[in-house]
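Single-structure report; data block below.
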Amino acid sequence: PSGPFPSPAFSDGSKNHDHIPSPTRCCSFRQRRRSRLVEGRAGQGRSNGCESSVLSTSFPPMFSDTIAALATPPGRSALAVVRLSGRDALLVAARVIPTFTAVPPRTAHLAAFVGGDGTLIDRGLYTVFPGPNSYTGEDLVEFSCHGGLVVPVRLVSALLAIGARAALPGEFTRRAVMHGRMDLLQAEAVGDLVDATAVAQARQALHQLDGGLSRRLADLRNGLLDTE
């Protein structure tokens, strides 16, 4: 969803970029910095179980820029989830989380979320999912913050101001397809599950998301090829 979020813009006008480099820096520097982020800021290294896949640069140029969006419906709620995905997801996340670390992966970390000027936005949880073992197949960070009309918008706005782009509708799932995390039938099942209004619909969508229909079609295809 885009809605109230401003157009993405880089904030390279700030004077101090020594803490975390801008996503527009050269690739070699970006890779070295990502390596440091993965190893952690408290002397944690690969021995802590962080996968080397985080440092992979094999993502295709198409759909590899960093995107951000609110993953939960806007409005009054206790919690909201913001997703950030792309080749610079770790760098962008580190700009809004002063204590950011990518290790251990798939673990919720409590932290403060700040804007570009250092103003506190919220305190919440963030989880790092290193690519390719993430929903999109890219480095992905999920922020869990307080809900409402202010905090989630401020958090997404901070990510966009740093250099992320507002995600298009369905773009996270589209990237999952592009990176081989699911096929088109499973991608359709995601939408069917979200839109389900009855238990039977949800059950059928889950079966399709689990690959049931894909396997059935693959078996039929193999049977036809064997017949030929």
Side-chain angles (χ1 to χ4, degrees), residues 1-14 17 20-25 30 34 37 59-77 79-97 100 102 111-122 124-132 134-179 181-182 187-188 190-191 193-195:
S2 51
F5 305 137
S7 299
F10 288 95
S11 57
D12 290 343
S14 58
H17 283 283
I20 295 295
S22 164
T24 58
R25 299 294 178 87
R30 177 191 298 138
R34 291 178 78 196
L37 287 173
F59 298 137
M62 188 177 185
F63 303 120
S64 61
D65 60 332
T66 303
I67 57 174
L70 182 64
T72 49
R76 191 172 186 273
S77 62
L79 298 173
V81 175
V82 173
R83 269 181 173 171
L84 176 71
S85 181
R87 62 171 175 261
D88 291 320
L90 302 185
L91 299 178
V92 173
R95 294 279 292 276
V96 299
I97 304 173
F100 180 80
F113 306 147
V114 301
D117 58 356
T119 303
L120 180 66
I121 296 175
D122 195 14
L125 301 175
Y126 73 93
T127 308
V128 177
F129 299 89
S134 68
Y135 180 79
T136 59
E138 306 168 317
D139 290 343
L140 185 146
V141 182
E142 287 192 353
F143 303 82
S144 179
C145 62
H146 289 96
L149 299 175
V150 176
V151 173
V153 172
R154 289 186 65 199
L155 179 55
V156 173
S157 297
L159 296 173
L160 300 186
I162 291 168
R165 172 174 61 80
L168 300 173
E171 188 170 0
F172 287 92
T173 299
R174 184 175 186 178
R175 291 190 176 206
V177 174
M178 295 296 297
H179 289 89
R181 296 297 294 169
M182 62 177 67
E188 290 180 352
V190 172
L193 183 59
V194 172
D195 294 334

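For the numbers below, each heavy atom of this structure counts, side chains included, while hydrogens, waters and symmetry mates do not.
- Of all the heavy atoms in Ala89 and Asp139, the pair that sits closest is CB-O, 3.4 Å.
- In terms of modelled atom types and a separation under 3.5 Å, the side chain of Thr173 and the main chain of Ala187 share no donor-acceptor contact.
- By the side chain to side chain donor-acceptor pair (under 3.5 Å) test, Thr136 is found to be paired with Ser85, residues two or more places apart in sequence or in another chain being considered.
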- Step by step, would you call Arg175 with Asp65 a salt bridge (Lys or Arg N to Asp or Glu O under 4.0 Å)? CA-CA 11 Å; Arg175 291 190 176 206; Asp65 60 332; 2.6 Å; yes
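- Here the CZ-CG distance, from Arg154 to Leu149, works out to 13.5 Å after rounding to the nearest 0.5 Å.
- Residues Val96 and Ile162 form a side-chain contact, since some pair of their non-hydrogen atoms from C-beta on lies under 4.5 Å apart.
- By the side-chain contact (heavy atoms from CB on, under 4.5 Å) test, Thr127 pairs with Ala108, Phe129, sequence neighbours left out.
- A 4.5 Å side-chain heavy-atom check between Leu84 and Ile67 finds every atom pair outside the cut-off.
- With contacts defined as side-chain heavy-atom distances shorter than 4.5 Å, the pair Arg83/Phe172 qualifies.
- Looking at heavy atoms from C-beta onward, Val82 lies in side-chain contact with Leu159 at the 4.5 angstrom threshold.
- Remark: Val81 engages Ala71, Thr72, Glu142 in a side-chain contact (heavy atoms from CB on, under 4.5 Å) (not counting sequence neighbours).
- Side-chain contact between His179 and Arg174: absent, with no pair of heavy atoms (C-beta onward) separated by less than 4.5 Å.
- How far CG of Leu79 is from NE2 of His146: 7.0 Å, rounded to the nearest 0.5 Å.
- Residues in residues 111-120 take part in no salt bridge (charged side-chain N to carboxylate O under 4.0 Å, His left out) pair, two or more places apart or across chains.
- No side-chain heavy atom of Arg87 sits under 4.5 Å from any side-chain heavy atom of Glu138.
- For Ser144, there are no side chain to side chain donor-acceptor pair (under 3.5 Å) partners at least two apart in sequence or on another chain.
- When all heavy atoms of Gly131 and Ser134 are compared, the closest pair comes out as CA-OG, 4.3 Å.
- Contact detail for Ile97 and Ala111: the closest heavy-atom pair is CG2-CB, 3.7 Å.
- With sequence neighbours excluded, the residues forming a ring-ring contact (aromatic ring centres under 6.0 Å, His included) with Phe113 are Phe143, listed by chain and number.
- Two residues are said to be in side-chain contact when any heavy atoms from C-beta on lie closer than 4.5 Å; Tyr135 and Met182 meet this criterion.
- The two atoms that bring Pro152 and Leu70 nearest to each other are CB-CD1, 3.9 Å, heavy atoms only.
- Thr119 places no side-chain N or O within donor-acceptor distance of the main-chain N or O of Gly115, the cut-off being under 3.5 Å.
- Contact check for Val128 versus Leu90: side-chain heavy atoms found under the 4.5 Å cut-off.
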